[in-house]
Number of protein chains: 2
Amino acid sequence: MSSTAKALTLLSHFSATQPEIGLSQLCRIAGRDKATTYRHLQALESAGFVEQNPATKHYRLGPAMMQLAQVREATVPRKDGAKPALTALADATGETAHVTVLSGQTLYALCECEAPHHGIRAVVDLNTFPLHATASGLCVLAFGPATLFDVAIASLEEFTENTPTTEADLTALVDTVRSTGFGRANQSYEAEIQGLSAPVYDHSSQLAGAVAVACVAARFTPDLEQAIKSELVIAARDITRNWGGVIPAQIEAAWADALSYPNAVERTS
Amino acid sequence: MSSTAKALTLLSHFSATQPEIGLSQLCRIAGRDKATTYRHLQALESAGFVEQNPATKHYRLGPAMMQLAQVREATVPRKDGAKPALTALADATGETAHVTVLSGQTLYALCECEAPHHGIRAVVDLNTFPLHATASGLCVLAFGPATLFDVAIASLEEFTENTPTTEADLTALVDTVRSTGFGRANQSYEAEIQGLSAPVYDHSSQLAGAVAVACVAARFTPDLEQAIKSELVIAARDITRNWGGVIPAQIEAAWADALSYPNAVERTS
DNA sequence: TGATATGGTTCATATATTGAACCGATGTTG
DNA sequence: CAACATCGGTTCAATATATGAACCATATCA
């Protein structure tokens, strides 16, 4: 590990809950020598990556972050940050994958990717996603602003015989999503289509949207469901990372539980 | 200079106008060896500070910037406090407005706002602002720590034929800023760009940075200068207020004098 | 007053960084 | 199409640079 990489990992110890850290404290957290840590902080400070609170001498993230984040945002718009993960997801699952973004009270399609594996495949052709009947919508209801639930029950349009049409039905579905970390729509929007989704987050620490897989129901087996879920987790982490967000710990925990990998954080890059 | 500092300065070469840079190109820009630059980029990539465009192999700023900027903003919420005033300033003047923050001996760009009024407008695309050649820099020299003046005269790079290149020239400019309360850069950094700035303060009662307007020189008239100055005062007061600071009485007095509104404190919201 | 924190500094040691030269691939050009 | 240029990436000997135990100066507290 290069000394540069070591210096940079120091930055990862700053967070909203612990925004300012003293030298000795940071040494303990990072498990590194004090002189070394001090020099690393000096280097970071010279580049504006950290600065010292003049009053306490504690260190905090510096102003250069703001400038660089602006350039990053101008360089990689949101859609581009989702596309690679989406194609990987479609390829790995062999099913159609798509990403939705929540804007206000509406869930919009951002982009979509069809896997070429099968002659029969789901085609996602929506501008806006009904909250109560799609996997992405349920995901947003479960993890997004609470006010959305009222919006959803105000228009419980019945698309298929599986569409939830009562508040009780919808509450039950959303509760399941909350406990598993995955949105699931069993032919509730279109017959013969099974949807599975996972939430994605952005820099605001709020839910930003969902990533989902639409699967032809005839192919849907417990094995495929497990496979899709584990790929969804990878895609959701990737997109969230590109959008500057973090997956809430409780959702990571729910995923780990649902996938029966009690301690799974096997891919963080 | 530590290798970490060298690696970090690579990041400053990325900008909105040049968001992606190839290895060889970056070596030329940074004036460093290719192997070294490559390893530095590897270290930066491992921390998510840069990433490679898979298609072109060119490097660009990475997703980690977004997360860190989020934490920084949560720690020192400056950008949110500056943005409304900045858009109002850009809108009222019809020119490009920006805010800079002083950290240590370096003046960083915090955010920028372009007015849509004109087809031709200034584009601020800087990571750090030279102290001697920009309106914001002169403002900081005039009202910030005295030690900055030594830093400034240590590197009097000549950007245009109007750039001050002697200590005497710079002293004269800074004295003018002190007596008027406004930083002014008449095409001293870029030809055809007139800069005007005002200091902003934070809770520490120290100078925190500057708010500035970059104006296309061809449009610059005495009337516009007066208009920009009075808008700058409004913006500087607003930002200072949001950052928990107070404008020193002597600067308020200088402003009132310069604007020929002897008792002007007519808008403080 | 002594014990224990803190942020910051020193210096011999040796480890990690450096850059000229090199490689294979791709693209240009007369 | 062969010669040339440029690209991203790699190698290895030379050495510049990072390292950490011990050490300050200062502040806090019992």
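It should be emphasised that the depicted structure is a prediction, and the values quoted were computed from it without experimental measurement. Sequence lines set the chain letters: A, B, ... in the order given, protein chains first and strands last, and positions in each chain run from 1.
Heavy-atom distances under 4.0 Å link DNA chain C to no residue of residues 45-59 of chain B.
Atoms CG (A:L41) and P (C:dT6) sit 15 Å apart, rounded to a whole Å. When rounded to the nearest whole Å, the span between CD of B:Q42 and P of D:dG8 equals 13 Å. Distance CZ (B:R28) to P (D:dT6): 9 Å, rounded to an integer number of Å.
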What nitrogen or oxygen pairs link the protein and nucleotides 19-23 of chain D at under 3.5 Å?
unit_1: D:dT19; atom_1: OP1; unit_2: A:K6; atom_2: NZ; d: 3.1
unit_1: D:dT19; atom_1: OP2; unit_2: A:H40; atom_2: NE2; d: 3.1
unit_1: D:dG20; atom_1: OP2; unit_2: A:T36; atom_2: OG1; d: 3.1
unit_1: D:dG20; atom_1: N7; unit_2: A:R39; atom_2: NH2; d: 3.4
unit_1: D:dG20; atom_1: O6; unit_2: A:R39; atom_2: NH1; d: 3.3

Give each protein N/O atom lying under 3.5 Å from an N/O atom of nucleotides 27-29 of chain C, with the pair distance.
none

Below 3.5 Å is the cut-off: list the nitrogen or oxygen pairs between protein and nucleotides 2-4 of chain C, distance only.
none

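Electrostatic pairing of B:R178 and B:D175 counts as a salt bridge here, judged by a charged N lying under 4.0 Å from a carboxylate O.
Using modelled atom types and a 3.5 Å distance limit, the side chains of B:T166 and B:D169 yield a donor-acceptor pair. A donor-acceptor contact closer than 3.5 angstrom links the side chains of A:S15 and A:T17.
Under the side chain to side chain contact (heavy atoms under 4.5 Å, CB included) criterion, B:A254 pairs with no residue at all, not counting sequence neighbours. In this structure, the side-chain hydrogen bond (donor to acceptor under 3.5 Å, both in side chains) partners of B:T9, at least two apart in sequence or on a different chain, are B:R32. When the side chain to side chain contact (heavy atoms under 4.5 Å, CB included) test is applied to A:A198, the partners found at least two apart in sequence or on another chain are A:F182, A:V211, A:L232, A:A236, A:W255. With sequence neighbours excluded, no residue satisfies side-chain hydrogen bond (donor to acceptor under 3.5 Å, both in side chains) with A:Q25. Partners of B:E20 under the salt bridge (Lys or Arg N to Asp or Glu O under 4.0 Å) rule, at least two apart in sequence or in another chain, are B:R60. The salt bridge (Lys or Arg N to Asp or Glu O under 4.0 Å) test applied to B:R28 returns no partner, not counting sequence neighbours.
Here side-chain hydrogen bond (donor to acceptor under 3.5 Å, both in side chains) pairs that include residues 72-86 of chain A, with residues two or more places apart or in two chains, are A:R72-B:E51, A:R78-A:D202.
Taking the C1' atoms of five terminal pairs at each end of the helix from C:dT1-D:dA30 to C:dG30-D:dC1, the two resulting helix axes are inclined by 30°, rounded to 10°.
Counting only heavy atoms from C-beta on, B:Y38 has its side chain closest to D:dT10 among C:dG7, D:dT10, D:dG8.
A:L61 places none of its side-chain heavy atoms less than 4.5 Å from the side chain of A:F49.
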